[in-house]
Number of protein chains: 2
Amino acid sequence: MSKHHSCLVRQFESHENLEEDEIELLLRLERSPERFEAEQDLWRAGEGPADELAVMSKGWAYGYVDHPDGKRTINDIYLPGDVIGLHEYPLDSHQTSVRALKESTICRFPHKHLDDIFELSPKLTRMFFKVACLQQVILINRTLHTYHQAADHRVAHFMCEMYARLARTNPDLANKFNLPLTQEHIASTLGMTSVHVSRTISQLSQENLMFRQRDIITIPDLEVLRRFTAFDISQY
Amino acid sequence: MSKHHSCLVRQFESHENLEEDEIELLLRLERSPERFEAEQDLWRAGEGPADELAVMSKGWAYGYVDHPDGKRTINDIYLPGDVIGLHEYPLDSHQTSVRALKESTICRFPHKHLDDIFELSPKLTRMFFKVACLQQVILINRTLHTYHQAADHRVAHFMCEMYARLARTNPDLANKFNLPLTQEHIASTLGMTSVHVSRTISQLSQENLMFRQRDIITIPDLEVLRRFTAFDISQY
DNA sequence: CGGGGTGTTGACTCCAATCAAAGGTTGTGG
DNA sequence: CCACAACCTTTGATTGGAGTCAACACCCCG
């Protein structure tokens, strides 16, 4: 039952159980799958109209902005089951660009579909509201534990977040999981340089807190890492 | 018409015009005014149940978290017309503490009232959704232009944000406005030390970008400051 | 007037950025 | 199946911006 094949449905069912007709309504958002190659943009910051959202059906993507000095800031990583661009609902043009990290399937849908849900199902409305709020809770946790902390805590917190978010749609996630991000990506996400990410990760490895080889992350003891970076799992 | 006495209503009307019955529904959220003295907490992080939201009717408040090492992070400043704790809607306990900055009037209301709005008015639902999303847009702009930038840009961007948010309910805001925050508060908000805030502000003053004396901020040319820190007014 | 919170200034330290070069890995085509 | 190129990662040396520590100046306010 909760083992639905759609990650979006699994994401929602991890919050609350759904009836058949609610699942129907949700699946409507995933009706137009588009395939994206690695490094392909879904849309670009500043461009409009931003009258569509998207569901990440399969793969990995990230939201980013390029600065005049050539640096890039990644503001979010999108996983299967995530709604992309939900926060841009009130805007006329896109706040951030979105790019696939590897071959991915993404389904665009018009704002209208969301408005329809607001009309048709107070329960799904509540759940969408929760999903949107949860994104904000996560953002705030980043400001609390990532932006205003030392480098080792930042990296550790980021890994805990990725684990927690992946676990929501993959309840049986092992302590060894795939994270197809280069150190460059991680650096752009955490606001540091890739050189320093490298040094920080090797330091964390020496302390046996986490390991990384290419895209495989290993966290020997999740509980220890969580305590290290004051990560509160109940908020993800 | 748009000159309603309630800041919350003005906030909503700045997005879209409201009918009488919608205003009624909104005003229901402001029915239990409570007075808070400076430095008084509305609620504390970690405490629960978080089954109430609040409307900032009058005054100033801030959301914060205290870290084990004694440092404090301020994650948001609340202005009249703001909904406090909206993002905590999916949580069981409060993510952050909220404290009045000076004598303030704040109205608590139960989650239930929000759920009722979802049932009764798709239009208000859409608008609440927009308000919640806009908070997220603002958070993301902070990560883009505040957290990952040099100190002078951070302070400048923060001032632009405060101006823009105040202007939403005070359309005639002058280039000289009240900001009852100490440099210590600003430092906790931007993740820097009060010493460095002091140095940065005096640097910005020398460059004629902004001035501060106690709680009076003066921005000689808003447009110049905006360009300096790549502030996009259309997103506030 | 005095005193506590607030703001300023200087000297010093340190974490992370920068610059630079050398290893590793992956994948592609000959 | 090897070789080479492109990208990613590691490591070292140096620089610089912001933190820290500390003393002093400035207001308000009582």
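It should be emphasised that the depicted structure is a prediction, and the values quoted were computed from it without experimental measurement.
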Practice item. Could you tell me whether A/Arg168 atom CZ has more than 12 heavy atoms of other residues or ligands within 6.0 Å of it? Key: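 Buried by this count: over 12 neighbours within 6.0 Å.
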d([atom1], [X]; [atom2], [N]) in whole Å:
X        : N      : atom1 : atom2 : answer
A/Asp69  : C/dT18 : CG    : C1'   : 14 Å
B/Gln206 : C/dT8  : CD    : C1'   : 13 Å
A/Gln203 : C/dC14 : CD    : P     : 16 Å
B/Ile201 : C/dT6  : CD1   : C1'   : 12 Å
A/Gln183 : C/dT25 : CD    : C1'   : 13 Å
B/His196 : C/dG10 : NE2   : P     : 14 Å
A/Lys71  : C/dA17 : NZ    : P     : 9 Å
A/Gln149 : C/dC15 : CD    : C1'   : 14 Å

- Query: Base, sugar-phosphate alone, or nothing: which one does B/Arg212 contact when heavy atoms must sit under 4.0 Å apart?
  - Reply: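 Touches sugar-phosphate only.
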How would you label the contact of B/Val197 with the nucleic acid (heavy atoms, under 4.0 Å): base, sugar-phosphate, or nothing?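 Here B/Val197 touches no strand at all.
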Notebook entry, point to check: Which residue pairs satisfy the salt bridge (Lys or Arg N to Asp or Glu O under 4.0 Å) criterion with at least one member in residues 133-150 of chain B, sequence neighbours excluded?
Noted result: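 Only B/Asp76-B/Arg142, B/Arg142-B/Glu161 qualify under salt bridge (Lys or Arg N to Asp or Glu O under 4.0 Å).
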Base C/dG10 paired with B/Arg199 side chain (donor-acceptor, <3.5 Å) |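 A donor-acceptor contact between them is present.
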Given that B/Arg214 and A/Thr200 both sit by DNA chain C, which one's nearest nucleotide is further toward the 5' end?
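Nearest-nucleotide comparison on DNA chain C picks B/Arg214.
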Would you call A/Leu27 and A/His4 a side-chain contact if the rule is heavy atoms closer than 4.5 Å?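 Result yes, sub-4.5 Å side-chain heavy-atom pair found.
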Derivation of the side chain to side chain donor-acceptor pair (under 3.5 Å) call for A/His87 and A/Gln95:
CA-CA 9 Å; A/His87 68 278; A/Gln95 183 186 24; 3.3 Å; yes
Closest nucleotide among [options] to the [X] side chain:
X        : options               : value
B/Thr182 : C/dT25, C/dT6, C/dT18 : C/dT6
A/Ala151 : C/dT9, C/dA16, C/dT6  : C/dA16
A/Met192 : C/dT18, C/dT6, C/dA17 : C/dA17

Nearest non-hydrogen partners of A/Thr105 and A/Pro33, listed with the distance
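Scanning both residues, the minimum pair turns out to be CG2-CB, 3.7 Å.
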Mind checking which nucleotides bracket the chain A contacts on DNA chain D, 5' to 3', with an atom under 4.0 Å from a heavy atom?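 Contact span on the strand: D/dC8 to D/dA13.
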The criterion is side-chain hydrogen bond (donor to acceptor under 3.5 Å, both in side chains); which residues satisfy it with A/Asp232, sequence neighbours excluded?
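Listed in chain order: A/Ser234.
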When A/His153 is tested against each of A/Phe228, A/Tyr147, A/Phe158, A/Phe231 for ring-ring contact (aromatic ring centres under 6.0 Å, His included), which residue passes?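 Of A/Phe228, A/Tyr147, A/Phe158, A/Phe231, ring-ring contact (aromatic ring centres under 6.0 Å, His included) with A/His153 is met by A/Phe228 alone.
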Is any side-chain N or O of A/Gln213 closer than 4.0 Å to OP1 or OP2 of C/dG24?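 So the side chain of A/Gln213 is outside the cut-off, no N or O lying under 4.0 Å from OP1 or OP2 of C/dG24.
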